[in-house]
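When a ligand or atom number is given, it counts from 1 through the structure's own listing order. Numbers here simply count residues along the sequence, with the first being 1.
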Amino acid sequence: MCLPEHLGIIMDGNGRWAKRKRLPRKVGHTAGANNFRRIVKHCSKIGIKYLTVFAFSTENWKRPKEEVVHLMELFKQYLEEALKDFQDENIKIAFLGERKVLSDDLQNLIEETERVSANCDGMVLNIAMNYGSRNEIVEAAISLIEDVLEKKINICDIDAEALSQRLYTKFCPDPDLIVRTGGEFRISNFLLWQSAYAEYAVVDILWPDLKPDNLDAILLEFSKRKRRFGGI
Ligand code: FPP
């Protein structure tokens, strides 16, 4: 089966999962975090090279404070575990997003996780946290303008590759497939530039319920698609 080299996942549906069970939304996020662990392990096992997950968007700060605090706590817990287990897992972890506004604790953990896992040569796990694709593109455009003003780049040498090299994802290929759980047909400011030729799969399964078998079925369906990249 032809796997996507780079798989993106929008992990949507934690809140609805909890609501259906008449539980607080927090419980849905905890279940979502547990499923994230399971799916990360599965992707690594089956040979996905790059996995990018949307963990927290620049718009998610609008949620009730209690929910945001809980999500930040779940991220911390995961990073603390990752720091302990990184050698067994051999997963290289990178963060996409604006980290300066995160708590000092979380920023330190992020730096430590990236440092400690830097030499892992298994799957690359990109965690998009406080990530918004429009901001990312604006920042890349500003960086290009600065480089032109400082004569580091000639204006006629600006092309798509020059902009790509100024995105958080500069070290990885564009995503081949973006999966969204929870059944909604939206991109939600995720990898807008990078997904120009990505395939999409929307599944009507809430994130905490997405099993490795469900993902395998999505990957099988993807492997049968004929990608044309604008050609014939
Ligand atoms: C969307 O579901 C999910 C999020 C905003 C957070 C994603 C976080 C996790 C899966 C858990 C933690 C992850 C890590 C990296 C440890 P929603 O709340 O919008 O669900 P709804 O659409 O049903 O309300």
For residues 196-205, which side-chain N or O atoms pair as donor and acceptor with protein atoms under 3.5 Å away, sequence neighbours left out?
unit_1 : atom_1 : unit_2 : atom_2 : d
E199   : OE1    : R225   : NH1    : 2.9
Y200   : OH     : S195   : OG     : 3.3

Q165 side chain to E161 side chain, donor-acceptor N/O pair below 3.5 angstrom: yes

Side chains of S133 and W193, donor plus acceptor under 3.5 Å: no

Carboxylate-amine/guanidinium contact K84 E81, below 4.0 Å: no

Lys/Arg-Asp/Glu bridge criterion (N-O < 4.0 Å) met for R16, D12: yes

Ring pair (Phe, Tyr, Trp, His ring centres under 6.0 Å) partner of F36, the single match among F75, Y78, W207, F54: Y78

Amino acids contacting ligand 1, non-hydrogen cut-off under 4.0 Å: M11, D12, G13, N14, G15, R16, R25, H29, G32, A33, F36, A55, N60, R63, L71, L74, F75, Y78, W207

